[in-house]
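Below: the structure, in structure tokens.
Numbering starts at 1 and runs along the sequence shown. Ligands are counted one by one from 1 in listed order, and the atoms in each one are counted from 1 as well.
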Amino acid sequence: GKVGIIGVPFEKGQRKKGVAHGPQVIRAARLVQELELLGLDVKDYGDISYEVKHVDGVNNMSYLGDFAGCTSCLSEQVQKVLKEGRRVLTIGGDHSLGVGSIDGHVKEKKDVAVIWVDAHADLNTNKTSESGNVHGMPVALLTSELADYWPHLPGMDWQQPMLSIRNVAYIGLRSIDRYERLVIEKFGITAFGMEDVERYGIHDVVYMALSKIDPDESKSLHVSFDIDSLDPLEAPCTGTPVRGGLSLREAVHLMEIVCRSNRLNALDFVELNPHIGSQHDVQLTVEAAIHIIQAGFGYSRRGLKVPKGITD
Ligand code: ARG
Ligand code: MN
Ligand code: MN
Ligand code: MN
């Protein structure tokens, strides 16, 4: 298997400094080497560099020009990596980057299903958001059913919402804004919150999610993993922590199942902020990140197989 890594040091989708350093600390934790141990051909494309688009602002949407510049560049880069026959690992940065990575994935593979692993639904528009932070809006920007709810967004003309909300499933929700709940109910969005994880267990939740968004087992899968889906006891370094989240074990199991489908072509890993918490907190959170990413690309807790040719 071949994997391409893209770093996205973007933090203007929210207000806390530090999440832009996510790619740097995750790479420093030997990300490339750990993936190579799985027998993968890994190419690190480095961090994206983008130009801010100088556009008129839009009400209640902070840093639109920065966001538009970053995500349009990321979309191009994701398409390029997929064209080179590699699965894509995008490391953030805040969750607004999902607009670029998923747009690029859909442009390249057309039939895409997304698992959005998050404490939050990230389903606000500029009219419903209480924060004005774009990292709370990516799902609403990506999905065609929600296109009518947006004003014209200068700088975002390259991005056409081509993903149906029926192809998106949430796992891990536990902090949903009022209007987000309204939208989830109106469109019947596949949404498994922590109470569902409690009730059915993570194993059944992942299979139920996949059977809803990809019943024929034919789509290209995209996992957009927000580290705040984890319980803050296991991953404290994130800007919008919510208690009562997934254990690392549940997150790893989720990724193992998706990996075994053999259709995971893109993984986003976002919202790790190494400027939040103590040094020990950062170590804990970065270790969790590495375990989750490894599980997505084939690490087995049962141990790795001996490479072909050595046993005989
Ligand atoms: N719902 C809140 C908002 O819209 C929080 C969003 C948090 N998003 C995230 N990617 N951590 O501002
Ligand atoms: Mn900084
Ligand atoms: Mn998120
Ligand atoms: Mn979140």
Side-chain angles (χ1 to χ4, degrees), residues 8-20 22 58-64 66-67 70-71 74 90-102 114-143 146 149-150 163 168-184 189 191-194 197 222-246 250-251 254 266-277 285 288-289 292:
V8 184
F10 184 76
E11 61 184 16
K12 291 212 157 62
Q14 47 84 64
R15 281 162 217 277
K16 293 182 183 165
K17 293 261 180 288
V19 68
V58 162
N59 183 40
N60 200 33
M61 220 176 157
S62 303
Y63 300 105
L64 176 59
D66 298 73
F67 166 72
C70 172
T71 50
L74 177 58
T90 304
I91 312 170
D94 72 63
H95 215 166
S96 63
L97 68 79
V99 171
S101 64
I102 293 174
V114 177
I115 303 182
W116 196 274
V117 188
D118 206 323
H120 311 92
D122 296 347
L123 194 51
N124 280 301
T125 68
N126 69 318
K127 292 180 193 99
T128 66
S129 172
E130 288 172 25
S131 65
N133 294 336
V134 185
H135 80 154
M137 308 181 188
V139 180
L141 283 161
L142 283 160
T143 46
L146 283 153
Y149 296 85
W150 288 98
L163 184 74
V168 178
Y170 289 111
I171 297 178
L173 299 178
R174 59 194 181 277
S175 175
I176 304 175
D177 301 336
R178 284 171 198 276
Y179 281 101
E180 291 181 314
R181 175 172 177 168
L182 191 75
V183 171
I184 289 171
I189 301 173
F192 295 99
M194 287 312 299
V197 174
H222 190 119
V223 173
S224 205
F225 196 103
D226 185 329
I227 187 81
D228 72 28
S229 60
L230 287 196
D231 194 282
L233 290 172
E234 303 223 46
C237 304
T238 191
T240 48
V242 188
R243 297 193 61 182
L246 297 175
E250 287 167 327
L254 183 163
L267 170 62
D268 309 327
F269 197 91
V270 299
E271 297 284 350
L272 192 160
N273 186 334
H275 289 184
I276 290 173
T285 311
I292 291 163

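Asp118 contributes OD2 as its N, O or S atom closest to the Mn ion (ligand 3). Atom OD2 is the N/O/S atom of Asp122 found closest to the Mn ion (ligand 3). Atom ND1 is the N/O/S atom of His95 found closest to the Mn ion (ligand 3). When the N, O or S atoms of Asp226 are ranked by distance to the Mn ion (ligand 3), OD2 comes first.
Proximity to Gly136 (heavy-atom distance under 4.0 Å) selects the following atoms of ligand 1: 4 (O), 6 (C). Of all atoms in ligand 1, listed by their number and element, those nearer than 4.0 Å to a heavy atom of Ser131 are 3 (C), 4 (O), 12 (O). Those atoms of ligand 1 that come under 4.0 Å of a heavy atom in Thr240, given as number and element, are 7 (C), 11 (N). Close contacts of ligand 1 with His95, meaning ligand atoms under 4.0 Å from a residue heavy atom, involve 10 (N). The Asp228 neighbourhood of ligand 1 comprises atoms 11 (N), with distances under 4.0 Å to a heavy atom of that residue. The distance from ligand 1 to the heavy atoms of Glu271 drops below 4.0 Å at these ligand atoms: 9 (C), 10 (N), 11 (N). Each of the following atoms of ligand 1 lies closer than 4.0 Å to a heavy atom of Asp226: 9 (C), 10 (N), 11 (N).
Inspection of the Arg178 and Thr128 side chains reveals no N or O donor paired with an N or O acceptor under 3.5 Å. Remark: the His120 side chain and the Asp122 side chain contain no N/O donor-acceptor pair separated by less than 3.5 Å. For the residue pair Asp268 and Ser101, a side-chain donor N or O sits within less than 3.5 Å of a side-chain acceptor on the partner.
Contact detail for Met61 and Met137: the closest heavy-atom pair is CG-SD, 3.9 Å. Here the closest heavy-atom approach between residue Ile189 and residue Tyr170 is recorded as CG2-CE1, 3.8 Å. Looking at every heavy atom in both residues, Gly132 comes nearest to Asn60 through CA-OD1, 3.2 Å. Shortest non-hydrogen contact noted between Val183 and Leu123 is CG1-CD2, 3.9 Å.
The side-chain heavy atoms of Leu74 and Thr90, taken from C-beta on, include a pair separated by under 4.5 Å.
Among Val117, Asp231, Ile292, Asp228, the one residue that satisfies the side chain to side chain contact (heavy atoms under 4.5 Å, CB included) test with Leu246 is Val117.
Looking at atom 4 (O) of ligand 1, its nearest protein heavy atom turns out to be Asn124 ND2, 3.0 Å. In terms of protein heavy-atom proximity, atom 5 (C) of ligand 1 is nearest to His120 CD2, 4.0 Å. Here the protein heavy atom with the shortest distance to atom 8 (N) of ligand 1 is Asp122 OD1, 2.9 Å.
Contacts of His135 with ligand 1, taken as heavy-atom pairs under 4.0 Å, involve both backbone and side chain. Contacts between Asp94 and ligand 1 below 4.0 angstrom, taking non-hydrogen atoms only, are absent altogether.
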Point to revise | side chain to side chain donor-acceptor pair (under 3.5 Å) between Asn124 and Ser129, worked out | key: CA-CA 5 Å; Asn124 280 301; Ser129 172; 4.8 Å; no
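Contact annotation: His120 places an N, O or S atom under 2.8 Å from the Mn ion (ligand 4). Here Asp228 meets the criterion, with an N, O or S atom under 2.8 Å of the Mn ion (ligand 4).
Ring pair His222/Trp116: centre-to-centre distance not below 6.0 Å.
Residue Arg181 places its CZ atom among 12 or fewer non-hydrogen atoms of other residues, nucleotides or ligands, all under 6.0 Å distant.
Considering backbone and side-chain atoms together, Ser129 places no N or O closer than 3.5 Å to any N or O of ligand 1. Considering backbone and side-chain N/O of Asp177, one or more are found under 3.5 Å from N/O of ligand 1.
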